[in-house]
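What follows is a set of notes on a single structure, which appears directly below.
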Amino acid sequence: MLATTFALLAAALGVSGHYTLPRINSGSDWQHVRRADNWQNNGFVGDVNSAQIRCFQSSPAAAPATLNVTAGSSVTYYVNPSAYHPGPMQFYLARVPDGQNINSWNGDGAVWFKVYHEQPNFGSQLTWPSNGKSSFQVPIPRCIRNGYYLIRAEHIGLHVAQSSGGAQFYISCAQIAVTGGGSTEPPNKVAFPGAYKASDPGILININYPVPTSYKNPGPPVFTC
Ligand SMILES: *[C@@H]1O[C@H](CO)[C@@H](O)[C@H](O)[C@H]1NC(C)=O
Ligand SMILES: [Cu+2]
């Protein structure tokens, strides 16, 4: 009841606040995660062709710190307050090229491979495992090469995605250093912007009517070792 009242009040006031993805593991907000443009207003990216679709930074800037991670483990990625819109959570990784510094490398080119995406449950309406959750596990594949990586975290709000540009992208990028890995070079790497089109079936979609019986996640397939 209180939540309903608040939602109605928020709608009446035109509150546009949504959510951020500011933290991994036991770090603090924006410590290992590059500070996204929505850090104060909780806004979203609507244009899949904008520079912000990569890491939600109009002016790329490093995070204060890089987290050490072992290949084959997972990183906990936090959403503040929660991923409360219906839609998929997805994670990508990009390896910093040899000879480059993670603090000045910004993920240019076809360097991003997907390590996780979720499917909804189908029924009288779609339900999303991420809906309302505040933390997610990012699998760091055990076979990838050691080195520095950016994690691109993305939650896509599909509640008004029936019109072009309606999907809401909540994004941030974290800095990690991977050890204990292997020698596999993942296939199907994509660039941001470039990976998505506004007309992709997982982006331009009416999730309410008719209720979909399948869902195609935007981007490449998920890489596993
Ligand atoms: C991360 O790993 C590097 C290389 O092994 C090490 O020098 C550094 O102290 C580690 N950082 C943290 C915060 O543990
Ligand atoms: Cu919102």
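Quick note: residue numbers are just sequence positions, from 1. When a ligand or atom number is given, it counts from 1 through the structure's own listing order.
- Taking the centre and axis of the six-membered ring of F192, the NZ or CZ atom of R152 falls inside the cone set by 45° and 6.0 Å.
- A distance below 6.0 Å separates the ring centres of H85 and Y19.
- Under 3.5 Å, the side chains of E154 and Y196 contain a donor-acceptor pair of N or O atoms.
- The single protein non-hydrogen atom nearest to atom 6 (C) of ligand 1 is N68 ND2, 4.2 Å, given as residue, atom name and distance.
- Under the 4.0 Å distance rule, the nearest protein heavy atom to atom 3 (C) of ligand 1 falls inside the cut-off.
- Side-chain atoms of R34 and N106 form a donor-acceptor pair, as typed in the model, at a separation below 3.5 Å.
- Within the 4.0 angstrom cut-off, atom 14 (O) of ligand 1 has one or more protein heavy-atom neighbours.
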